[in-house]
There are 2 protein chains.
Amino acid sequence: MESPVSERVEDYLKVIYSLTTEDERASTGEIARVLQISPASVTDMIQRLAAENPPLVDYRKHQGVGLTEEGEKVALETLRHHRLLELFLHELLGYSWDQVHEEADRLEHVISEYFEERISEVLGDPEKGLYGEPIPSEELHVPVREDICLHDMRPGQRGVIQSVKDDDPGLLQYLQTNGLVPGARIEVLDYSPYDNNLHIRVKEHDQEIVLGAAVTAQIFVDLQ
Amino acid sequence: MESPVSERVEDYLKVIYSLTTEDERASTGEIARVLQISPASVTDMIQRLAAENPPLVDYRKHQGVGLTEEGEKVALETLRHHRLLELFLHELLGYSWDQVHEEADRLEHVISEYFEERISEVLGDPEKGLYGEPIPSEELHVPVREDICLHDMRPGQRGVIQSVKDDDPGLLQYLQTNGLVPGARIEVLDYSPYDNNLHIRVKEHDQEIVLGAAVTAQIFVDLQ
DNA sequence: TCCTTATTTTAGGCTTTCCTAAATTATTGT
DNA sequence: ACAATAATTTAGGAAAGCCTAAAATAAGGA
């Protein structure tokens with residue numbers, strides 16, 4: 001009933017999962033940008049995923065995609081692998097923060113359930129990842145997301161902007177023009193301990209920006 | 001100059017390496033049997049490998065294949081990954097002997113050089129694998145193979161028959177008909193401590209056979 | 001040696017996943 | 001509302017790996 005899925009399909013589902021929120025579907029273009037391929041290729045794959053039995057995504061022309069229950073299951077399984085691997089590489093093999101992501105992205109597709117179990121046990125069945133993000137449980141329940149101040153985020157962390165303190169209209173304007181609005185997906189690229197600046201990427205615009213503490217202290221983010 | 005190679009190509013090169021000896025090239029049919037695909041597919045792939053730049057195999061129609069220096073480098077790198085992974089899974093993650101092989105076969109293609117370094121260090125830069133086989137060094141030198149009596153081999157070990165004591169013509173005949181000749185690749189499947197019998201598989205014939213101590217004591221094997 | 005049998009290769013095709021170029025559908029500014 | 005622009009989809013095609021059936025070659029026995 002559950003046919004195994006290719007590594008590439010896992011990649012697509014993972015991206016769609018991360019691009020999707022309560023009431024927001026993922027668009028062809030966004031997926032293409034994240035995966036660094038052409039939009040046409042994405043349409044192609046999406047249609048195949050929707051035609052699977054059971055379907056892995058819910059697709060309607062020109063209206064983006066969402067995951068079905070089956071698709072989400074696969075995405076969460078992959079995500080669990082990823083998070084456990086990041087922790088494992090850091091804690092047990094001495095990887096630095098910026099090294100773990102790439103390795104985990106390759107390993108997540110090939111480790112067995114047994115490998116997952118073993119490293120989970122060795123790590124003490126953690127519920128939070130290297131960056132504080134929730135790790136889906138073995139039964140693929142996702143713990144509630146945690147609100148964290150952007151100011152406290154560090155390189156490698158990714159999340160969705162949840163709220164912005166709206167005292168200063170000028171600041172709000174500035175944030176708006178840079179896409180730093182609730183719902184925006186961001187990733188911290190670099191941190192400077194000297195001036196407390198954060199170098200971040202705003203996924204929507206595929207744009208990078210450096211923010212000072214005065215700004216980062218006003219923004220709250222759900223870790224992904 | 002060194003273009004990266006697909007996982008499947010690594011599989012082919014690994015198999016050709018294991019099927020090749022001093023003066024024996026690997027045949028299309030053998031490779032097909034090991035990889036469980038059709039001979040036609042093997043010819044196809046072999047020809048592509050020979051057409052690479054630089055070529056990874058040395059191919060002449062109807063005369064089997066051998067590895068070029070480049071091809072051997074890739075095979076040894078993969079083999080090193082495999083052996084280190086087996087050791088790692090067993091020693092650090094508590095895998096049993098019969099569980100390590102399959103997992104290592106998948107992981108060997110995706111771990112980075114850094115991962116290799118890290119587990120090698122954690123394991124104390126070992127030179128012998130889980131089954132006593134030589135592990136290619138970081139510079140891809142293969143330690144000299146060790147001659148071991150089949151009688152002393154245990155489940156999971158694999159090797160190539162090197163020599164057979166030829167006192168007993170009847171025994172020789174028996175060994176011959178079962179493919180137990182120098183060059184034959186074998187794998188120990190089971191060991192019975194009560195009667196000292198070994199249950200082994202002869203790869204060439206994809207045939208299994210149980211041998212008593214009287215026989216196993218006469219056969220010498222190079223561990224792979 | 002010559003014929004039968006076994007092995008290898010060629011030919012033609014299929015599936016995945018990607019591409020570019022062209023066509024279609026949405027969105028946006030006036 | 002409607003034209004210009006942006007996003008998406010369709011069409012046609014390529015490379016990697018696999019397959020089966022048929023053709024070519026090698027090996028072995030009388």
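Order of the sequence lines fixes the chain letters, A, B, ..., with proteins taken first and strands second; residue numbering starts at 1 for each chain.
Nearest nucleotide to the side chain of A:Asp44, out of C:dT20, C:dC18, C:dT9: C:dC18. Out of C:dT9, C:dC19, D:dC19, the shortest distance to the side chain of A:Ser41 is found at C:dC19. You'll find that the side chain of B:Ala40 is closest to C:dA11, out of D:dT9, C:dT17, C:dA11.
Each of A:Arg83, A:His82, A:Arg80 was checked for a side-chain hydrogen bond (donor to acceptor under 3.5 Å, both in side chains) with A:Glu108, and the lone residue meeting it is A:His82.
With rounding to whole Å, A:Leu49 atom CG is found 11 Å from C:dC18 atom P. Between B:His62 atom NE2 and C:dT7 atom C1' there is a gap of 8 Å when expressed in whole angstrom units. Between B:Gln63 atom CD and D:dA27 atom P the separation is 8 Å, expressed in whole Å. We find that CD of A:Glu7 is positioned 12 Å from P of C:dC18, with the value rounded to whole Å. Nucleotide C:dT8 holds its C1' atom 10 Å from the CD atom of B:Gln47, rounded to whole Å. Put simply, CD1 on A:Ile37 is 20 Å from P on D:dA14, counting in whole angstrom units. Separating the CD1 atom of A:Ile31 from the P atom of D:dT9 is a distance of 10 Å, rounded to the nearest angstrom. The nearest whole Å value for the distance from the CD atom in A:Gln36 to the C1' atom in C:dC18 is 14 Å.
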Please test B:Arg201 against B:Asp190 for salt bridge (charged side-chain N to carboxylate O under 4.0 Å, His left out), starting from the C-alpha separation and ending with a verdict. CA-CA 10 Å; B:Arg201 173 160 50 224; B:Asp190 204 19; over 6 Å; no

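Contact between the side-chain N/O atoms of A:Arg48 and the OP1/OP2 oxygens of C:dT17 is found at a separation under 4.0 Å. Note on B:Lys61: a side-chain N or O is less than 4.0 Å away from OP1 or OP2 of C:dT10. Residue B:Ser27 places at least one side-chain N or O closer than 4.0 Å to OP1 or OP2 of C:dT8. In this structure, A:Tyr12 does not reach the C:dT16 phosphate: none of its side-chain N or O atoms is under 4.0 Å from OP1 or OP2. Residue A:Thr28 places none of its side-chain N or O atoms closer than 4.0 Å to OP1 or OP2 of D:dA7. For the pair A:Arg8 and C:dC18, the criterion of a side-chain N or O lying under 4.0 Å from OP1 or OP2 is met. Contact annotation: A:Ser6 does not reach the phosphate of C:dT16 (side-chain N/O to OP1 or OP2, under 4.0 Å).
Looking at B:Tyr95 and B:Glu103, their side chains do bring a donor and an acceptor atom within 3.5 Å of each other. Side chains of A:His90 and A:Glu86: no donor on one and acceptor on the other come within 3.5 Å. Between the side chains of A:Glu117 and A:Ser120, no donor-acceptor pair is found at a separation under 3.5 Å.
Residue contacts shown for A:Thr43 include a base, since a base heavy atom lies under 4.0 Å away.
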